[in-house]
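Presented below is the structure to which this report refers.
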Amino acid sequence: VNAGERGEIVVDGPTVTPGYLDDNVTEEAFGDFGLHTGDIGYRDEDGRLWVLGRADDTIITGGENVHPAEVESVLRDHPDVADAAVVGLADEEWGERIGTLVVGANVDPEELEAFARERLADYKLPKRFAVTTELPRTASGTVDRDAVRTRLG
């Protein structure tokens, strides 16, 4: 894709996966241009690569794609929010709706929603807000999105 456009990050070269298995799963991960990482990102005008998140974390709500990292970044800009996790929650009408779990001692969900409304398109606005003292994490330290979904109901 062109600079500034989002796309899946694909890597290639002599040091990419020299020890991968020779099986169907590995074969499916490779395309014409290399290994599909499953990460979404973009290159800026200077050629730097920016990673936005995982492709499988993309939320599809009412036919629109929402990248959780974009919404999380806006929420983290609020002075009372220390951290945020955004996930898709099942919704019969829209496919998914956006839910967020935020960390902060003095977070007012209504104030946070108004803050986000000024900075995000309507379809990107979380429909469910909850506040916690810490985000659930996996053993590797990444946000446990399944646990976030469970907490949001």
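No experiment lies behind these values; they were computed from the predicted model shown.
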Checklist entry - Which heavy-atom pair separates A85 from V148 by the least distance, and what is that distance? => result CB-CG2, 4.0 Å
Checklist entry - How long is the span from the CD1 atom in I9 to the OH atom in Y42, to the nearest 0.5 Å? => result 11.0 Å
Next on the checklist: Testing the basics here: between L152 and A130, what is the closest heavy-atom pair and its distance to 0.1 Å?
Outcome noted: CD2-CB, 3.6 Å
Checklist entry - Roughly how far, to the nearest 0.5 Å, is the CG atom of L112 from the OG1 atom of T100? => result 7.0 Å
Next on the checklist: Check for me, please, whether V71 and V87 land in the same ILVMFWY cluster - side-chain distances under 4.5 Å, paths through other members count.
Outcome noted: no
Item to check | Verdict with supporting geometry, T132 and R151, side-chain hydrogen bond (donor to acceptor under 3.5 Å, both in side chains) | outcome: CA-CA 10 Å; T132 186; R151 286 194 190 180; 3.2 Å; yes
Checklist entry - Above 12 or not: heavy atoms from other molecules or residues under 6.0 Å from CD of E5? => result yes
Item to check | Spacing of CG belonging to D46 relative to CG belonging to L49, to within rounding of 0.5 Å | outcome: 13.0 Å
Checklist entry - Say you draw a straight line from CZ of R128 to CZ of R149; how long is it, rounded to the nearest 0.5 Å? => result 14.0 Å
Checklist entry - Can you list the residues that meet the salt bridge (charged side-chain N to carboxylate O under 4.0 Å, His left out) rule with R43, with sequence neighbours excluded? => result none
Checklist entry - Should L52 and V143 be regarded as members of a common hydrophobic cluster, given that ILVMFWY residues are connected when their side-chain heavy atoms come within less than 4.5 Å of each other, either directly or indirectly? => result no
Item to check | Sequence neighbours excluded, every pair satisfying salt bridge (Lys or Arg N to Asp or Glu O under 4.0 Å) that has a member inside residues 92-102 | outcome: D91-R97
Checklist entry - Of the non-hydrogen atoms in V74 and A116, which two are nearest, and what is the gap between them? => result CG1-CA, 4.3 Å
Checklist entry - Any link between V86 and V103 through a network of hydrophobic side chains (Ile, Leu, Val, Met, Phe, Trp, Tyr) touching at under 4.5 Å? => result no
Next on the checklist: Give me each pair satisfying salt bridge (Lys or Arg N to Asp or Glu O under 4.0 Å) with a member in residues 59-79, each pair once, sequence neighbours excluded.
Outcome noted: R6-E70, E70-K124, E72-R76, E72-R145, R76-D83
Item to check | Inter-residue atom distance L101.CG - D144.CG, 0.5 Å rounding | outcome: 11.0 Å
Next on the checklist: Give me each pair satisfying ring-ring contact (aromatic ring centres under 6.0 Å, His included) with a member in residues 127-153, each pair once, sequence neighbours excluded.
Outcome noted: none
Next on the checklist: Considering only residues two or more places apart or on different chains, which pairs with a residue in residues 101-113 satisfy salt bridge (Lys or Arg N to Asp or Glu O under 4.0 Å)?
Outcome noted: E113-R117
Next on the checklist: The criterion is ring pair (Phe, Tyr, Trp, His ring centres under 6.0 Å); which residues satisfy it with F115, sequence neighbours excluded?
Outcome noted: H78
Checklist entry - Which is it for V66 and T58 under the side chain to side chain contact (heavy atoms under 4.5 Å, CB included) test, yes or no, and what are the steps along the way? => result CA-CA 6 Å; V66 177; T58 300; over 6 Å; no
Next on the checklist: Taking Y123 as the starting point, is it possible to reach L75 by hopping between hydrophobic residues whose side chains are less than 4.5 Å apart?
Outcome noted: yes
Next on the checklist: With heavy-atom distances below 4.5 Å as the criterion, would you say the side chains of F33 and D12 are in contact?
Outcome noted: no
Checklist entry - So I98 and L89, side chain to side chain contact (heavy atoms under 4.5 Å, CB included) or not? Walk me through it. => result CA-CA 6 Å; I98 300 170; L89 302 171; over 6 Å; no
Next on the checklist: V10 vs L35, test: side chain to side chain contact (heavy atoms under 4.5 Å, CB included). Steps then yes/no.
Outcome noted: CA-CA 5 Å; V10 178; L35 174 68; 5.7 Å; no
Checklist entry - How many angstroms lie between atom OG1 of T61 and atom CH2 of W94, to the nearest 0.5 angstrom? => result 7.0 Å
Item to check | Contact summary for D57 and P68, nearest pair of heavy atoms | outcome: O-CG, 3.2 Å
